[in-house]
Trainee: 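So that we are looking at the same thing, I have put the structure below in structure tokens.
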Number of protein chains: 2
Amino acid sequence: MLKLSKKVEYGLIAMRHIAAAQSVSSAKEISDRYAISHDLVAKVLQKLAKAGLIVSQQGMNGGYTLARRAADISITNVIDAIEGAASAGIVQCLTADDGICSIYDNCTIKNPLGKIQHNLHQVFNTMKVSEIV
Amino acid sequence: MLKLSKKVEYGLIAMRHIAAAQSVSSAKEISDRYAISHDLVAKVLQKLAKAGLIVSQQGMNGGYTLARRAADISITNVIDAIEGAASAGIVQCLTADDGICSIYDNCTIKNPLGKIQHNLHQVFNTMKVSEIV
DNA sequence: GGAACTCGGACTAAAACGGTCCTATTTATG
DNA sequence: CATAAATAGGACCGTTTTAGTCCGAGTTCC
């Protein structure tokens, strides 16, 4: 509960590695360096690339580089890229666009939870990849 | 990911209810009022009682009342009571006392994660039950 | 004694998580 | 041109967590 998933954890490690690297970084390079599953980190990198946080270079000697400055990439960006922006809610009624909530209008804690969520997001938004290098 | 569990959600609803109530509140009263599983909310209440956040009154017309002022109970208190204090970490290497971490000294993001975790805890520590009533 | 409670263990279905495997495509290099 | 090293991505799987049920037992009021 309230734990970061391994994917996000690997994503952050990878982002830091790429940000600190001089040239392109391959999935193998990262998986070796941190003793992480290659396939898994590769998938995470693909998601980060698809989200536009890093750019891929295919083929031999390929790999990834940052798509923009590390100071312009927040932890929220990384989390959203990997988990999907829909995971942004602390409870489902704050997450879903449809606003489905079984407790419905009986729910007395929706507003305070919204405030908490806002504060949490602030934490992740404020911290940039540049700060973890 | 980063979602509150249903138990915690129910726990917060229950705490709010009890804090706002004039007399004792039973599990049935709460489960009826918010259309929640009775057994589940009953278990949550037991945990809250065991953690000393609320006091139980057994037998007929029994139920629960706050053990101390709502302003003196933080969201962290509620979460810890329900999930166990061991769940306090954002990643396992920050959670476990043994400090086990597969990435071990290769882990480059431990310190920044620690900072993030500290900020998150601050959010939950600052918010009190009295603020959700 | 019975009704309405709390207490708490055992159990289960479903979903999420962490991870593997396999195949296709792209690209530098000998 | 063949091959090796990469990315790209779908399919699958075992384990753990989650959310919830069920049941038996103890308590207290009427």
Side-chain angles (χ1 to χ4, degrees), chain A residues 1-11 13-14 18 21 23-32 34-65 67 79 81-84 86-87 89 91-92 95 102-103, chain B residues 1-11 13-14 18 23-32 34-65 67 79 81-84 86-87 91-92 95 102-103:
Chain A
M1 214 225 64
L2 283 182
K3 266 198 181 58
L4 260 47
S5 68
K6 285 285 178 199
K7 287 183 188 174
V8 168
E9 204 174 322
Y10 295 165
I13 291 175
I18 296 169
S23 57
V24 301
S25 311
S26 70
K28 181 156 197 333
E29 181 183 326
I30 295 174
S31 67
D32 282 352
Y34 305 101
I36 290 175
S37 153
H38 173 271
D39 283 0
L40 205 47
V41 93
K43 284 235 177 70
V44 168
L45 286 167
Q46 284 168 30
K47 286 197 175 181
L48 292 172
K50 238 186 168 177
L53 302 185
I54 56 180
V55 292
S56 73
Q57 190 174 323
Q58 287 199 341
M60 202 178 188
N61 299 328
Y64 300 90
T65 49
I79 294 177
I82 295 170
E83 301 286 347
S87 81
V91 285
Q92 90 280 24
T95 300
S102 56
I103 305 174
Chain B
M1 216 223 65
L2 283 182
K3 265 198 182 58
L4 260 46
S5 70
K6 285 286 178 197
K7 286 183 189 176
V8 167
E9 204 175 322
Y10 294 165
I13 291 175
I18 295 170
S23 58
V24 300
S25 310
S26 70
K28 181 158 196 334
E29 181 183 325
I30 294 174
S31 66
D32 282 353
Y34 305 101
I36 290 174
S37 153
H38 173 271
D39 282 2
L40 204 48
V41 91
K43 285 238 177 70
V44 169
L45 286 167
Q46 284 169 30
K47 286 197 174 179
L48 292 172
K50 237 185 168 178
L53 302 185
I54 56 179
V55 292
S56 72
Q57 190 173 325
Q58 287 197 341
M60 203 179 186
N61 301 326
Y64 299 90
T65 50
I79 293 177
I82 295 171
E83 302 286 347
S87 81
V91 285
Q92 91 280 25
T95 300
S102 55
I103 307 174

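Residue numbering restarts at 1 for every chain, and letters A, B, ... go by the order of the sequence lines.
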Trainee: Does a side-chain N or O of B:S37 approach OP1 or OP2 of D:dT21 to a distance below 4.0 Å, or not?
Mentor: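 Checking B:S37 against D:dT21: at least one side-chain N or O falls below 4.0 Å of OP1 or OP2.
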Trainee: Dump the pairs, protein N or O against N or O of nucleotides 5-11 of chain D, anything under 3.5 Å, distances to one decimal.
Mentor:
from: D:dA6; atom 1: O4'; to: A:G59; atom 2: O; distance (Å): 3.3
from: D:dT7; atom 1: OP1; to: A:A27; atom 2: N; distance (Å): 3.0
from: D:dA8; atom 1: OP1; to: A:S56; atom 2: OG; distance (Å): 2.7
from: D:dA8; atom 1: OP2; to: A:Y64; atom 2: OH; distance (Å): 2.6
from: D:dA8; atom 1: N7; to: A:Q46; atom 2: NE2; distance (Å): 3.3
from: D:dG10; atom 1: O6; to: A:K43; atom 2: NZ; distance (Å): 2.8
from: D:dA11; atom 1: N6; to: A:K43; atom 2: NZ; distance (Å): 3.3

Trainee: Roughly how far, to the nearest 0.5 Å, is the OG atom of B:S25 from the CD1 atom of B:I54?
Mentor: 9.0 Å
Trainee: Enter the distance from B:I30:CD1 to B:K28:NZ here, rounded to the nearest 0.5 Å.
Mentor: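 Result: 12.0 Å between the selected atoms.
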Trainee: In whole angstrom, give the distance that lies between atom NZ of A:K7 and atom C1' of C:dA16.
Mentor: 10 Å
Trainee: Rounded to the nearest Å, what distance is computed from the NZ atom of residue A:K6 to the C1' atom of nucleotide D:dG14?
Mentor: 17 Å
Trainee: For B:L48 and C:dC7, give me the distance from atom CG to atom C1', rounded to whole Å.
Mentor: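 After rounding, the gap between these two atoms is 14 Å.
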Trainee: Rounded to whole angstroms, how far apart are CD1 on B:I79 and P on D:dT18?
Mentor: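 The distance from CD1 of B:I79 to P of D:dT18 comes to 13 Å, rounded to the nearest Å.
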Trainee: Separation of A:Y34 atom OH from C:dG18 atom P, in whole Å?
Mentor: 20 Å
Trainee: So, do B:V24 and B:N61 sit near enough that their side-chain heavy atoms are less than 4.5 Å apart?
Mentor: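 Not in contact.
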Trainee: B:K50: which residues meet the salt bridge (charged side-chain N to carboxylate O under 4.0 Å, His left out) condition with it, sequence neighbours left out?
Mentor: none
Trainee: Given the rule in the side chain to side chain contact (heavy atoms under 4.5 Å, CB included) test, do A:M1 and B:I79 qualify, once you have shown the distances and angles that lead to the verdict?
Mentor: CA-CA 9 Å; A:M1 214 225 64; B:I79 293 177; 4.1 Å; yes
Trainee: I want to check something: taking the side chain as every heavy atom from C-beta on, are B:T65 and B:Q57 in contact at a cut-off of under 4.5 Å?
Mentor: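 Not touching, per the 4.5 Å side-chain cut-off.
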